[in-house]
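Atoms within a ligand are numbered from 1 in the order they appear, just like the ligands themselves. Below, each value reflects all heavy atoms present in this structure, side chains not excepted, and no hydrogens, waters or symmetry copies. Along the sequence shown, the residues carry numbers beginning at 1. Worth saying up front: this structure is predicted, and the values here are computed from it rather than measured.
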Amino acid sequence: MPTRPLIIDTDTGSDDAVALLLATAGGLSDVRAVTTVAGNVPVATSTRNALISLETTGHTGVPVHPGCERPMMRSLTSAQHVHGEDGMGDTGLPDPTQSPEPTHAIDALLTYPREHPGELTLVTLAPLTNIAAALLRDPQLFTRYRHVYCMAGAADTCGNISPTAEFNAWADPEAARIVARAATPEKVTWVGWDVSRKDAVMTPADQQHLQQLGTPLATFVHRINRTVGDWARDVTGLAGYDLPDPVTMAVALDPGLITEYEEAHVDVAVGEEARGQMIIDRRVSAPTPNMTLVRRVDEAGFKRLLFDTVTSPAPATDAR
Ligand code: RIB
Ligand code: CA
């Protein structure tokens, strides 16, 4: 399978870190750059965690560009109660050896696709603040990427951070609205939390399998998701912790994993009561669809990719 050149935008919490492992150690992509943003944790912490995750798979040469410190119109509400104070399960991970780039994430998101028009796939795993800010400077931004996959929203289901909204859309709903209104189905695909809770839940058997594998990457994944596992047990009622960012990354790496999708017109609520809720208009009179929504993924195929990746040998030395 061809390796896809990627740009990844992340608020590196524990599930983002697993997505970064899939992207760098799965052999299916060539990560050109990572941009970080405030979300799960403050941006300095998401930047630290991105550097740690890249070093864990030996990819110390991937540039990491720090981005926005808070949502466009609101103060930051983090998800440290879910991912831990450090965003990585509070397991005391050592500081990274590499430093972030001086170029801001917004400038990076604008520059890379201009240098490689139509070549790069953008995968967003966080509140869409960096992306929306880049769109305000370049409304044609999405036409310059090969495709844009966003972990965002929750279609036709409850939320995870509120009764109606998924965290990435809720944390910065104005940014999510800007992205939705700039999207086209040909260029933009959203993978919502509805997919993650159906097809990407790490059951107790999956978690035991990770522990039994005992490889460095399997152990890393198991340890950093400890806090999320507690939250899943006490809040979401799922059979285990789900992996929204990794399943979105898996779809970007192998769109053949998509088993159900639809084209729909999506907006995002910005009022306080329904903040971040996906507004999907399926009426006959609905406007033309503005994005592709993944609805189901091949769970076995996703988990096979995940377990194959964490079973891979010691980290490759980054060629950069
Ligand atoms: O709602 C899930 C999303 O919010 C994931 O990206 C997770 O990392 C958090 O950022
Ligand atoms: Ca995330």
What's the spacing between Thr3 OG1 and Asp30 CG if we round to 0.5 Å? 5.5 Å

Note: ligand 1 atoms sitting under 4.0 Å from heavy atoms of Leu125 are 6 (O)

Find out whether Thr103 and Thr111 are in side-chain contact, i.e. whether some heavy atom of one side chain is under 4.5 Å from a heavy atom of the other. no

Proximity of Ile161 to ligand 1 by residue part, where a heavy atom lies under 4.0 Å: neither

Proximal atoms of ligand 1 relative to Glu166 (non-hydrogen, under 4.0 Å): 1 (O), 2 (C), 3 (C), 4 (O)

For Thr203 and Asp206, does a side-chain donor sit closer than 3.5 Å to a side-chain acceptor? yes

Distance alone, cut at 3.5 Å: any donor-acceptor contact between the side chains of Asp16 and Asn40? yes

To the nearest 0.5 Å, what is the distance between CZ (Arg296) and CG (Asp194)? 9.5 Å

Note: Asn160, heavy atoms under 4.0 Å from ligand 1, region reported as side chain

Checking Phe167 against His83 for the ring-ring contact (aromatic ring centres under 6.0 Å, His included) test, could you report, in this order, the C-alpha distance in whole Å, the side-chain angles of both residues, the deciding distance, and whether it holds? CA-CA 12 Å; Phe167 177 78; His83 296 273; 7.8 Å; no

Please could you name the atoms of ligand 1 that Asp11 approaches to less than 4.0 Å, counting only its heavy atoms? 10 (O)

Using a 4.0 Å heavy-atom cut-off, which part of Asp245 comes near ligand 1: side chain, backbone, both, or neither? side chain

If I apply the N/O under 3.5 Å rule, does Pro244 come out as touching ligand 1? no

Would you say that more than 12 heavy atoms from the other residues, nucleotides or ligands in this model lie under 6.0 Å from the CD of Glu260, or not? yes

For atom 9 (C) of ligand 1, the closest protein heavy atom turns out to be Asn40 OD1, 3.1 Å

Every N, O or S from the protein that is nearer than 3.0 Å to the Ca ion (ligand 2): Asp11 OD1, Asp16 OD1, Asp16 OD2, Leu125 O, Asp245 OD2

Backbone N/O of Val43 and side chain of Ser46: donor-acceptor pair under 3.5 Å: yes

For atom 8 (O) of ligand 1, the closest protein heavy atom turns out to be Asp15 OD1, 2.5 Å

Is it the case that over 12 heavy atoms from other parts of the model lie below 6.0 angstrom from the OH atom of Tyr261? no

What distance do Leu22 atom CG and Asp254 atom CG have between them, rounded to the nearest 0.5 Å? 11.5 Å

Rounded to the nearest 0.5 Å, how far apart are CZ of Arg197 and CG of Asp242? 8.0 Å

For Asp16, atoms of ligand 1 separated by under 4.0 Å from a heavy atom: 8 (O)

Would you check the N or O atoms of Trp193, main chain and side chain alike, for any that come under 3.5 Å of an N or O of ligand 1? no

